[in-house]
Number of protein chains: 2
Amino acid sequence: MPTYDLDELDWKILEQVQTDGRITNHELSERIGLSPSPCLRRLKHLEAEGVISRYVALVDPSQVGLGVSAFIRVRLDQQGDHHLDAFEKAVAEIPEVMECYLMTGDADYQLRVLVDSLASFEDFLRYNLTRMPGVSQVTTSFALRPVVYRTALPALSKKSAKSRD
Amino acid sequence: MPTYDLDELDWKILEQVQTDGRITNHELSERIGLSPSPCLRRLKHLEAEGVISRYVALVDPSQVGLGVSAFIRVRLDQQGDHHLDAFEKAVAEIPEVMECYLMTGDADYQLRVLVDSLASFEDFLRYNLTRMPGVSQVTTSFALRPVVYRTALPALSKKSAKSRD
DNA sequence: GATATATTGGCATTATATTCCAAAAATGCA
DNA sequence: TGCATTTTTGGAATATAATGCCAATATATC
């Protein structure tokens with residue numbers, strides 16, 4: 001849940017830094033219509049509160065030979081808390097796992113993994129996934145091509161956006 | 001396919017900037033064991049080549065009230081090129097769509113969308129998705145909880161990593 | 001082994017971030 | 001509405017970092 005209230009200016013800052021994480025404070029302050037020092041203070045505040053969790057460079061997977069995205073749905077043989085924990089800890093250790101979610105529906109988890117080839121994917125399945133604690137059923141679909149990949153969050157619709165008229 | 005060969009130092013740079021996109025060049029150069037100016041030149045080169053596609057701030061969805069991740073599998077009624085194009089263009093316009101992939105298997109597309117509530121999700125389905133060109137079947141699963149979310153790519157295993165012994 | 005090419009390291013310059021403090025604005029309260 | 005308090009702002013001074021340049025070193029080529 002939202003730790004503290006964001007006003008218009010904070011949202012503008014988030015919008016900008018989500019687009020360009022290396023924007024200078026000066027440029028940022030101009031875009032949001034505020035002078036540099038309060039702008040910086042707001043930014044630091046957003047960082048300190050954890051609203052901005054981190055800054056990263058995004059590397060194009062296809063440029064470095066990582067052409068295969070696989071979506072894997074996993075069922076565990078038991079769903080008790082410590083079975084889930086064990087699986088989650090194990091999965092977090094594997095660098096090929098870009099995303100993993102605990103799911104509703106007939107799969108317990110869904111993973112997106114990134115590998116350079118189908119051969120590597122097979123290795124991943126054999127040596128990593130199927131050896132993980134509690135894994136009983138695994139179903140894979142492959143992405144033929146990425147269409148959208150976004151890290152910037154959508155703006156909140158009406159309601160939560162605190163209006164100040 | 002890889003546009004140009006990355007050596008050990010380039011990989012180290014990528015590893016670092018994927019972890020901290022605002023690392024100073026000085027700090028970066030120390031971590032990879034090189035002096036600042038060639039380090040900066042390599043970094044700029046990686047940017048210019050598009051290996052580093054961009055720098056972004058990551059905002060924690062739960063901190064801003066975006067608590068619901070939905071995975072949607074979509075079938076189109078026809079799969080000709082311009083039906084796919086039309087769908088893809090439409091989908092790219094919707095800010096709630098964080099990811100979309102053209103898939104193998106029985107769904108044509110898989111989307112991850114991020115909304116603040118089930119009510120918003122219903123709006124998304126009614127007013128956005130089902131009105132999009134060619135959509136015939138839609139199947140949703142929800143994420144109960146994110147387990148892993150990573151933007152740093154896995155290191156390439158052996159093979160493609162050009163060894164220089 | 002000599003020449004050519006590419007890469008590196010250090011320095012000077014320019015740009016950027018950070019800190020501090022006084023001024024202004026917003027808020028709470030009578 | 002008017003006054004006091006709190007919060008936020010803007011600008012100037014200082015510290016830190018990025019950038020461009022050039023000579024020195026290392027690497028590759030023949």
Side-chain angles (χ1 to χ4, degrees), chain A residues 2-60 63-64 152 155-156 160-165, chain B residues 2-60 63-64 152 155-156 160-165:
Chain A
T3 298
Y4 84 107
D5 279 339
L6 304 176
D7 66 13
E8 277 300 309
L9 288 171
D10 293 320
W11 283 109
K12 284 188 185 172
I13 290 174
L14 291 181
E15 189 184 326
Q16 292 299 323
V17 296
Q18 285 185 109
T19 301
D20 179 1
R22 280 199 157 179
I23 189 174
T24 65
N25 183 56
H26 183 82
E27 176 70 15
L28 179 61
S29 70
E30 284 186 349
R31 294 208 188 154
I32 70 168
L34 195 63
S35 70
S37 52
C39 180
L40 185 65
R41 201 163 327 111
R42 281 167 176 269
L43 183 67
K44 294 297 171 192
H45 191 213
L46 291 167
E47 293 168 3
E49 293 292 326
V51 177
I52 295 173
S53 54
R54 45 203 249 273
Y55 296 89
V56 298
L58 298 180
V59 172
D60 182 347
Q63 288 261 2
V64 296
L156 285 186
S160 338
K162 197 174 192 175
S163 64
R164 29 183 67 194
D165 316 335
Chain B
T3 298
Y4 84 106
D5 278 339
L6 305 175
D7 65 13
E8 279 298 311
L9 288 171
D10 292 320
W11 284 109
K12 285 186 185 173
I13 290 173
L14 291 181
E15 190 184 325
Q16 293 299 322
V17 295
Q18 285 185 111
T19 302
D20 179 2
R22 280 199 156 178
I23 188 174
T24 66
N25 184 55
H26 184 83
E27 176 70 16
L28 178 61
S29 70
E30 283 186 349
R31 293 209 190 155
I32 70 167
L34 195 63
S35 70
S37 51
C39 179
L40 184 65
R41 203 163 326 112
R42 280 167 176 270
L43 183 66
K44 294 297 171 190
H45 191 214
L46 291 167
E47 292 168 3
E49 293 291 326
V51 177
I52 295 172
S53 54
R54 45 203 250 273
Y55 296 89
V56 298
L58 299 180
V59 173
D60 182 347
Q63 289 260 359
V64 297
L156 284 186
S160 337
K162 196 173 191 176
S163 64
R164 30 183 66 193
D165 317 338

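Chain naming here is simple, since letters A, B, ... match the order of the sequence lines and numbering starts at 1 in each.
For A:Ile23 and C:dA15, the CD1 to P distance is 18 Å, given to the nearest whole Å. Distance A:Leu40 CG to D:dT8 P: 15 Å, rounded to the nearest Å. Nucleotide C:dT7 holds its P atom 9 Å from the CG atom of B:Asp7, rounded to whole Å. At whole-Å resolution of the value, CD in B:Glu8 and P in C:dT8 are 13 Å apart. The distance between atom CD of B:Glu27 and atom C1' of D:dA17, rounded to the nearest whole Å, is 12 Å. If you measure from atom NE2 of B:His26 to atom C1' of D:dA17, you get 10 Å, rounded to the nearest angstrom. Protein atom CG of A:Asn25 is 15 Å distant from nucleotide atom C1' of D:dA15, rounded to whole Å. To the nearest angstrom, P of D:dT8 lies 16 Å from CG of A:Leu43.
Within the 4.5 Å cutoff, side-chain heavy atoms of B:Arg42 are placed close to those of B:Asp7.
Distance from the side chain of B:Arg42 is smallest to C:dT8 among C:dA17, C:dT8, D:dG10. Closest to the side chain of B:Leu34, from the set D:dT19, C:dT18, C:dT8, is C:dT8. The nucleotide whose nearest atom lies closest to any side-chain atom of B:Pro38 is, among C:dG9, D:dT19, C:dT18, C:dG9.
Of all heavy-atom pairs spanning A:Pro36 and A:Asn25, the tightest one is O-ND2, 2.9 Å. The two residues A:Arg54 and B:Gln18 come nearest to each other via the heavy atoms NH2-O, 4.3 Å.
The side chain of B:Lys44 places an N or O atom within less than 4.0 Å of a non-bridging phosphate oxygen (OP1 or OP2) of D:dT19.
Salt-bridge formation is not detected for the pair B:Glu15/B:Lys12: no Lys NZ or Arg NE/NH1/NH2 atom is positioned less than 4.0 Å from an Asp or Glu carboxylate oxygen.
Across all strands, A:Thr24 comes closer than 4.0 Å only to sugar-phosphate atoms, never to a base (heavy-atom distances).
Not a single donor-acceptor contact under 3.5 angstrom links the side-chain atoms of B:Ser35 to the base of C:dG10.
With DNA chain D read from its 5' end, the first of the two nearest nucleotides for A:Arg22 and A:Ser37 is the one closest to A:Ser37.
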Residue pair B:Lys44, B:Leu40: steps toward the side-chain contact (heavy atoms from CB on, under 4.5 Å) verdict: CA-CA 6 Å; B:Lys44 294 297 171 190; B:Leu40 184 65; 3.8 Å; yes

